[in-house]
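Here is how names work: the chains are called A, B, and so on, in the same order as the sequence lines, proteins then strands, and each is numbered from 1. Because only heavy atoms are used, hydrogens play no part in the values below, and waters and symmetry mates are left out as well, while side chains stay in.
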Amino acid sequence: MYVYDEFDRAFLAERVADFRDQVERRLSGALSEDEFKPLRLMNGVYLQLHAYMLRIAIPYGTLSSDQLRRMAHVARVYDRGYGHFTTRQNIQFNWIKLEDLPQAMADLGEVGVHGIQTSGNCIRNVTTDQWAGATPEEFDDPRIWAEILRQYSTFHPEFTYLPRKFKIAITAAPKDRAATKVHDVGLRLHRNEDGELGFEVLVGGGLGRTPFVGKSIRPFLPVRHVLSYIEAIMRVYNQFGRRDNIYKARIKILVHEIGAEAFAQAVEAEWANIRDGALKLTDEIIDDIRARFLYPDFAALEAEPAELKAALEDPRFATWYRNSVHKHKVPGYSIVTISLKPVGAPPGDATADQMDVVADLADAYAFHEIRVGHEQNLCLPNVATKDLPELWRQLDAAELATPNVNHISDIIACPGLDYCALANARAIPVAQEISKRFADLDRSRGIGRLHVNISGCINACGHHHVGHIGILGVEKNGQEFYQITLGGRADEHAQLGTLLGPAVSYDQVPGLIEDIVDAYLELRSSPKELFIDTVHRLGVEPFKERVYATH
Amino acid sequence: MAAPQQQKLKVNGPVAVTANRLSDGAVVWRTAEGSWSTALADAAVVTTAPEAIALLEGAHKRDTDAVGAYVAPVILGDNGTILPGNLRERIRVNGVTFALPGSDTPASTLPAA
């Protein structure tokens, strides 16, 4: 965990006091809505269909048990008893009253969390791998670099009014769990032939109405230059990015229009002027940030303890273990994914009681630390393997042990038309129905890894373009219809999906997804060939022929 | 999709003016008396663009009660009942279409258009 200092706490308290004053002035009429709206947005407060929504940043997806417990408190006291974890490692409260917001923010600020820069045309929450610091695959803990970027970008005056919002993601492992190729900037940490640590820099990725996979503009950037290089990118974007059309204002459009090569040249020219200036990171600065991340005091434990061997005799535990437990860099410890996708439930939602349970379990078994992944699940990154059986029993009792991670019912979905003022169609009920159709865990295990992503509009908050099966809600003559794409992926081989065929109605979607899966089971070369690999091998045509013949 | 507030005003049938209450964001409807009500049944229903614009202008005069006012389609049912005119408004009136987490309440089903 990163340890905040007195400066951070004092700053947040001042910010909450400012917002309390702004809300009072708004309620009294001293501030008009036009004056107040940008102020509330800067604090992560949106107005949705039925209520205000508060979006709270979870920097690089890392939460302490105290922070999660406080989020449960906010959900219970000021909202309707639950929170929604998002694809950007944030949490949203959907029913909060404007008059309660300042106190809710004050309560959250006491544990160091806030909604600053979760909205508006600024650099948003820097996201990364939820297994950071725990996976044996990584070259370094990516959160060190995310924190450096967080400190740099928070209230950066030059980047407070960008042409459009700006999202940065970092991966430090070859396996990309942070979807770096579909962010405005993706940073891929690795070592060069000399063993030096640096980033491959990708720019211009993004989804929305004009989706692109990011382009690599620099294969290796020594880590100490990360701020100056990001600043050079931001300056080029700030100068040349379009401000006349909101739909063409993201950096991806600029990169696409002038070409990645020309964009890279402009960045390199800008960078040449600043690379050895104040933004060049010294060892002292890097070490200071690194020192503020406190790591668990891992004990020397057996890699395969007797408790685990005994528990594996229980088929339910064994199923969960094989699905939700992952290899840790320290022998005797494990990474645990907590599915927030119980069958038939809204994806990514957790009740206040469940948040408290996870916080308590993090205290008991995981060094007080919780992570949020962009797949809208939680993670305990550091669990002693011998404690897994007891952890599982308690997760199971709280309905938090559904063994469907990376299965077809582990669906990513945006809030859709049930909440969102921008949506055209519902996403959550579609996810719920698909999840119910594949409730049989033996069946879903037989299908294997299959990511379904659902968005309720072209803004693509459900990342449908990069779902193995992508579902996009559109509106036609007042009715909900859904376009289906196949073959998208958000990992290190990121690719946009291909449209399968004509849009289908709300009621037809679950059956169509079943037909796609049946087609896959028929077409795959062997049970080992994953859905995504079958689509890439055959294209969408064989699926289209089979699926539309029945619809 | 652009929010209704950003769309060109078209009146092809009965409409009402709706907004969100400032203090808590609750859905409210403009009444003929120039106040706001959380009940769609209390909404002033008009059928021409000039009438709708007049309702909207009244709604915008004071922004400490409600915000984001726009013209929404409604359907006049039997006995003068007023029903929401499209899916978005049905969800605003009836709430989300599934049971909220932690709730035992069964998912609401959308009434027919």
How long is the gap from [atom1] on [X] to [atom2] on [Y], to the nearest 0.5 Å?
X	Y	atom1	atom2	answer
Leu100(B)	Trp95(A)	CG	CH2	6.0 Å
Leu98(A)	Arg21(B)	CG	CZ	12.0 Å
Leu87(B)	Gln479(A)	CG	CD	8.0 Å
Asp100(A)	Asp24(B)	CG	CG	9.5 Å
Gln48(A)	Arg92(B)	CD	CZ	12.0 Å

Say whether, by atom type as modelled, one donor and one acceptor occur between the side chain of [X] and the main chain of [Y] under 3.5 angstrom.
X	Y	answer
Asp418(A)	Thr97(B)	yes
Arg26(A)	Leu22(B)	no
Asn86(B)	Gly478(A)	no
Asn20(B)	Leu47(A)	no

So what's closer than 4.5 Å to chain B heavy atoms on Glu33(A): side chain, backbone, both or neither? both
If one checks every heavy atom of Gln354(A) against chain B at 4.5 Å, the contacting part turns out to be neither
Taking the side chain as every heavy atom from C-beta outward, state whether Lys37(A) and Val67(B) have any atom pair closer than 4.5 Å.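 No, every pair of side-chain atoms sits at 4.5 Å or beyond.
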Are any non-hydrogen side-chain atoms of Thr351(A) and Pro101(B) less than 4.5 angstrom apart? yes
Given a strict heavy-atom distance threshold of 4.5 Å, which part of Arg62(B) is in contact with chain A: side chain, backbone, both, or neither?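 Neither part, no heavy atoms under 4.5 Å.
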Mind running side chain to side chain contact (heavy atoms under 4.5 Å, CB included) on His50(A) and Val96(B) for me, showing each step along the way? CA-CA 9 Å; His50(A) 320 269; Val96(B) 300; 4.1 Å; yes
Determine, step by step, whether Thr64(B) and Ser28(A) satisfy the side chain to side chain contact (heavy atoms under 4.5 Å, CB included) criterion, reporting the C-alpha distance in whole Å, the side-chain angles of both residues, the deciding distance to 0.1 Å, and the verdict. CA-CA 7 Å; Thr64(B) 49; Ser28(A) 74; over 6 Å; no
Are more than 12 heavy atoms, taken from residues, nucleotides or ligands other than Gln394(A), located less than 6.0 Å from that residue's CD atom?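 For Gln394(A), atom CD is crowded (more than 12 foreign heavy atoms under 6.0 Å).
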Other residues, nucleotides, ligands: >12 heavy atoms within 6.0 Å of Ile246(A) CD1: no
Looking at Tyr419(A), Phe36(A), Tyr82(A), which has the largest count of heavy-atom pairs under 4.5 Å with chain B?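 If we count pairs closer than 4.5 Å to chain B, Tyr82(A) comes out on top.
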